[in-house]
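Down below is the structure, laid out as structure tokens.
Just follow the structure's listing: the first ligand is 1, and inside any ligand the first atom is 1. Any value given below was found using the heavy atoms of this structure, including those in side chains, with hydrogens, waters and symmetry copies removed.
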Amino acid sequence: MYSCIKNVLHLEALVDLLFQDDRIVAMGPAGHIPLPESCSVTDGEKLVLMPSFIDAHVHLREPGFEYKETIETGLNAALHGGFGQVMCMANTRPVNDNAQVTRFMLEKARKSHPDGPKLHPIGAATKNLAGEELAPVAELKEAGCVALSNDGRPLASTEVMRRILEYAADFGLTVIDHCEDPTLAVNWVMNEGEMSGRLGLKGQPVVGEALQAARDIMLAEYLRLPVHIAHVSSALTVDVIKWGKERGVNVTAETCPHYLLLDETSLEGYNAACKVSPPLRTKADRDALLSAINDGTIDILVTDHAPHTMHEKMTALDHALVGFSGLDLAMTLTWGLVRENRLAEDALHRLWCRRPGEIFGLPTNGFAPGDPADFFLFDPHEPWVPDEKTLYSKGKNTPFYGQELFGRVKHHWIGGRQLF
Ligand code: DOR
């Protein structure tokens, strides 16, 4: 079955896209692709054409915390946010440190979203994320995990980190490394600096993130193995990653839209909605991260989608849980950077699709013949307000809640099927 989407904008050029079943056949200047005789045609109305994104770092909360999010609601948010594949972290209850939990997650995803978005579980690096005993890597891989991580609970032991890098590599899995020196960062609520001093709040110093990144990059170099640094929040960590890359270490890294758009000043007025791990840093850190996604020092964007209920979030800063709901908002927020000429449009393809596909070995759509027909259409002008009704995620905990934003995902095809 052939289908054609006519008149869509691909990197500012007006094009037509022809696909057959779940594969791209051709993309070319509008009106210039010869169409097969029986072909369903849809007018793309000059919407922006994007390849389906990969989110390599989400928390979907099931099993165990279904009141915050389920695999079904999380994948709904992913679908409507432009994500065709999501990689979910292991800090569920029970923790995803065995094949049973991995299979449970995959089964839930298959039942609720048989046509996608596709779920790729990330196995725990250590049993129960306790940082002591390695998780059964072969079993997790066999059950369908695509990477390993202790996300949420940094690995204090260098020896454990070394062993997990080794075992993961034996099974072709990359370790996603939550870098935070746990002894330097206890009971923190925000970035440590002039502002935390003024507000009288316990801060987390950037050096804790950079120290562990340096440790693990050195380990990766020594072992000649890959390591992927999670949710980079600071300029110092960017410098450490750059240093590692210059030495030829196989280090890759991610950051999130919120570290590019917000800084610690959002916590003025003790605003718990802006509490996240790692914490929002300074304006200078924000600028350094933006340069790093532009020059490739940071390879990919992820949401670190961390849904919580409002009552867990909108409480005193000390008690508020960390994290932001992100799947619904990522495309809108990062398109904002494109609109302001701070990021090129094709950088979105690289940061949200091509590079994560390369790093984690997942198929992506580069609009070449034979590529998967996974793509979405985006209206860059549509105004909307994230709130109870518009967010598909159960997690309404975003610092952008109630603010007028511009740009919305309008339609999404996965495997050649239009899912909305
Ligand atoms: O803000 C965060 N929330 N960062 C993490 O590393 C964990 C996550 C969560 O699970 O809520």
Side-chain angles (χ1 to χ4, degrees), residues 55-71 73-74 77 86-97 101 105 121-122 124-126 128-129 131 147-156 175-182 185-191 204 208-209 212-213 228-234 237 253-262 264 266-267 271-281 301-315 317-327 329-330 393-400:
D55 192 342
H57 190 146
V58 304
H59 299 269
L60 292 189
R61 308 302 192 203
E62 189 175 4
F65 303 96
E66 291 82 355
Y67 68 97
K68 296 177 195 259
E69 188 85 289
T70 63
I71 287 173
T73 58
V86 298
M87 293 168 52
C88 63
M89 283 296 171
N91 62 343
T92 47
R93 190 171 60 203
V95 162
N96 183 20
D97 61 5
V101 177
M105 290 174 162
I122 299 168
T126 59
N128 208 25
L129 297 174
L148 298 174
S149 183
N150 229 59
D151 189 64
R153 307 268 302 276
L155 285 171
V175 176
I176 303 175
D177 189 9
H178 177 129
C179 291
E180 175 183 334
D181 182 321
V186 183
N187 296 331
W188 55 269
V189 293
M190 66 175 297
N191 180 45
Q204 188 213 60
E209 177 180 89
Q212 272 218 357
H228 179 80
I229 310 296
H231 42 48
V232 176
S233 67
S234 74
T237 309
E254 64 186 41
T255 190
C256 318
H258 44 269
Y259 299 117
L260 303 168
L261 296 163
L262 302 172
E264 60 178 4
S266 306
L267 280 110
N271 183 3
C274 295
K275 186 175 169 188
V276 64
S277 170
L280 300 172
R281 308 287 188 184
L301 286 169
V302 299
T303 62
D304 196 3
H305 178 74
H308 296 295
T309 62
M310 283 312 212
H311 74 268
E312 290 169 321
K313 198 69 197 169
M314 302 317 286
T315 169
L317 254 179
D318 274 344
H319 303 294
L321 297 185
V322 287
F324 302 154
S325 188
L327 283 166
L329 292 145
S393 168
K394 273 193 187 184
K396 314 298 177 190
N397 53 311
T398 161
F400 300 95

With a 4.0 Å cut-off on heavy atoms, is Glu312 touching ligand 1?
no
Can you tell me if His308 has a non-hydrogen atom under 4.0 Å from ligand 1?
yes
Going by the order shown, which atoms of ligand 1 are within less than 4.0 Å of some heavy atom of [X]?
{"X": "His231", "answer": "6 (O)"}
{"X": "Gly152", "answer": "6 (O)"}
{"X": "His178", "answer": "6 (O)"}
{"X": "Ala306", "answer": "3 (N), 8 (C), 9 (C), 11 (O)"}

Which residue owns the protein heavy atom closest to [atom], what's the atom, and how far is it?
{"atom": "atom 5 (C) of ligand 1", "result": "Ser277 O, 3.8 Å"}
{"atom": "atom 8 (C) of ligand 1", "result": "His59 NE2, 3.7 Å"}
{"atom": "atom 3 (N) of ligand 1", "result": "Val322 O, 3.3 Å"}
{"atom": "atom 9 (C) of ligand 1", "result": "Arg61 NH2, 3.4 Å"}

To the nearest 0.5 Å, what is the distance between CD on Glu254 and OH on Tyr259?
9.5 Å
So how far is it from Leu301 CG to Asp55 CG, rounded to the nearest 0.5 Å?
9.5 Å
Side chain proximity check, Leu317 to Met190, heavy atoms < 4.5 angstrom
no
Let me see the working for Asp151 and His59 under side chain to side chain contact (heavy atoms under 4.5 Å, CB included), right down to the final yes or no.
CA-CA 10 Å; Asp151 189 64; His59 299 269; 3.0 Å; yes
Glu69 side chain to Thr73 side chain, donor-acceptor N/O pair below 3.5 angstrom
yes
With distance as the sole criterion, is a donor-acceptor pair present between the side chains of Arg281 and Ser234 under 3.5 Å?
no
Which segment of Leu321 sits under 4.0 Å of ligand 1 when only heavy atoms are counted:
neither
Please identify each residue that fulfils ring-ring contact (aromatic ring centres under 6.0 Å, His included) with His231, with sequence neighbours left out.
His57, His178
Using the side chain to side chain contact (heavy atoms under 4.5 Å, CB included) rule, take His305 and Val86 through it: C-alpha gap first, then chi angles, then the decisive distance, then the call.
CA-CA 10 Å; His305 178 74; Val86 298; over 6 Å; no
